[in-house]
Amino acid sequence: MENFTPITALLGGALIGLSASLLLLLNGRMAGISGIMNGLFSSPIKEEMWRGLFLLGLVLGAIGYQTFSESGIPIRQDYPMWAIIIGGFLVGIGTRMGSGCTSGHGICGISNFSIRSISATLTFMASGIITVYVLKHLTGFLS
Amino acid sequence: MKNNLVALISGILFGLGLAISQMMNPNKVLNFLDITGNWDPSLAFVMIGALAVGILSFRFILKRPAPLFDEAFHVSKKIHIDKPLLMGAAIFGIGWGMTGYCPGPAFASLGLFSMEALIMVISIYAGFFSHRFFVKK
């Protein structure tokens, strides 16, 4: 438990909640990242602009933190590429099929008390936990 | 114009939140999902923090007739739990557990010049496009 960081987690989470609240109050949009990423290449130009800027902001926020914080975020180097390629593909297809990801369902949807989002969140949490168990402990493919 | 500025600022806050909370550290995410091993419950607190703000504010925001800078809220009106929702969520969870990245942290990590995050984002888009051409009719 030496890596337990509840305070920064709460603070970061609150910022994410604030970001989602601003986007909804001002623009009427849900801050679902998979939907915003997907919409970047599938909407009329006028609709693409705000999505592109939101995603640009996402990257800028990360760069800002990395530049000014003392600890920074460790960049993982040695992880098997096959897992990233297959896993990334599954994240893409799964979030489109299920209409959302951690942000859209897990934060915005649950904040809106959506039964669909609560079910989706419980499902991907369970599936993520089982996947880690199988890959790490049962088979040892990824450890 | 106003909407675009809002989107940019909202994106920056979201990215900062992902970074400060360490959601962008994929190994920390994997440790969060590893409940039978070296479990790190920190990331549950990201959700608690985000939901504490979201649940409070969304109630008031969605009571309004419209958002401030648009004519209507763009909120899904679907209420039924169907097979694609649960299957999609299950598939997403497998990918999340394989990599430690969900879409937000993967995209934000492009700012760290992480090779792995770049490949992750490209693979996510490959998934999006496959869904568009093969799954959705």
Side-chain angles (χ1 to χ4, degrees), chain A residues 3-6 8-10 12-19 21-29 33-34 38 50 53-54 57-63 65 73 75 83-85 87-98 101-103 107 111-112 119-120 123-124 127-129 131-132, chain B residues 3-4 6-8 10-17 19-21 24-25 33-34 40 42 45-46 49-50 53-55 57-58 61 67-70 73-74 81 84-86 88-99 102-104 108 110-112 114 119-120 123-124 126-128 131:
Chain A
N3 293 320
F4 186 47
T5 52
T8 47
L10 270 177
L15 271 176
I16 292 171
L18 178 68
S19 154
S21 303
L22 278 177
L23 197 66
L24 186 64
L25 172 67
L26 300 169
N27 289 5
R29 298 282 179 175
I33 312 284
S34 61
N38 181 56
W50 76 267
L53 285 166
F54 182 92
L58 206 62
V59 171
L60 290 178
I63 293 176
Y65 178 83
I73 299 154
I75 296 168
I84 296 291
I85 292 169
F89 184 79
L90 295 176
V91 167
I93 208 157
T95 52
R96 283 307 81 217
M97 230 170 144
C101 58
T102 347
S103 51
I107 294 163
S111 290
N112 195 19
S119 325
T123 305
F124 65 66
S127 145
I129 288 169
T131 302
V132 169
Chain B
N3 296 58
N4 288 337
V6 170
L8 179 66
S10 172
I12 292 173
L13 289 174
F14 206 110
L16 274 176
I20 291 171
S21 65
M24 280 172 63
N25 178 347
L33 294 173
D34 188 12
D40 175 358
S42 307
F45 288 80
V46 182
V53 176
I55 287 174
S57 69
F58 276 34
I61 294 169
L68 292 173
F69 301 156
D70 203 338
F73 287 106
H74 306 263
I81 296 166
L85 176 78
L86 298 181
I91 293 170
F92 161 46
I94 296 172
W96 191 32
M98 282 180 79
T99 59
C102 50
L110 294 178
L112 311 181
S114 156
I119 294 172
M120 181 76 195
S123 306
I124 291 174
F128 287 166
H131 177 263

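Naming convention: chains lettered A, B, ... in sequence-line order (proteins, then strands); numbering from 1 in each chain. These figures come from a predicted structure and were not determined experimentally.
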| message | The test is side chain to side chain contact (heavy atoms under 4.5 Å, CB included); show your working for B/Phe128 and A/Thr95 and say whether it passes. | response | CA-CA 8 Å; B/Phe128 287 166; A/Thr95 52; 3.5 Å; yes

Heavy-atom pairs under 4.5 Å with chain A: which of [options] has the most?
| options | value |
| --- | --- |
| B/Leu85, B/Val53, B/Ile91 | B/Leu85 |
| B/Leu13, B/Ile20, B/Ile81 | B/Ile20 |
| B/Ala90, B/Gly97, B/Ala19 | B/Ala19 |
| B/Phe69, B/Phe14, B/Phe73 | B/Phe14 |
| B/Asp70, B/Val6, B/Leu110 | B/Val6 |

Name the member of [options] that forms the most heavy-atom pairs with chain B at distances under 4.5 Å.
| options | answer |
| --- | --- |
| A/Ser111, A/Gly94, A/Gly12 | A/Ser111 |
| A/Ile63, A/Leu22, A/Ile107, A/Ile33 | A/Ile33 |
| A/Thr123, A/Ile75, A/Leu25, A/Val59 | A/Leu25 |

Report yes if some heavy atom in the side chain of [X] is under 4.5 Å from a heavy atom in the side chain of [Y]; otherwise report no.
| X | Y | result |
| --- | --- | --- |
| B/Val46 | A/Ile16 | yes |
| A/Asn3 | B/Ser42 | no |
| B/Met120 | A/Val91 | yes |
| B/Trp96 | A/Thr102 | yes |

Is the backbone N or O of [Y] less than 3.5 Å from a side-chain atom of [X], with the two atoms forming a donor-acceptor pair by type?
| X | Y | answer |
| --- | --- | --- |
| A/Ser19 | B/Gly11 | no |
| B/Asn25 | A/Ile73 | no |
| A/Ser127 | B/Ile94 | yes |

| field | Working for side chain to side chain contact (heavy atoms under 4.5 Å, CB included), residues B/Asp40 and A/Phe4 | value | CA-CA 6 Å; B/Asp40 175 358; A/Phe4 186 47; 4.0 Å; yes

| A/Ile129, part contacting chain B, at a heavy-atom distance under 4.5 Å | both

| note | Sequence neighbours excluded, the answer for side-chain hydrogen bond (donor to acceptor under 3.5 Å, both in side chains) partners of A/Ser21 is B/Ser57

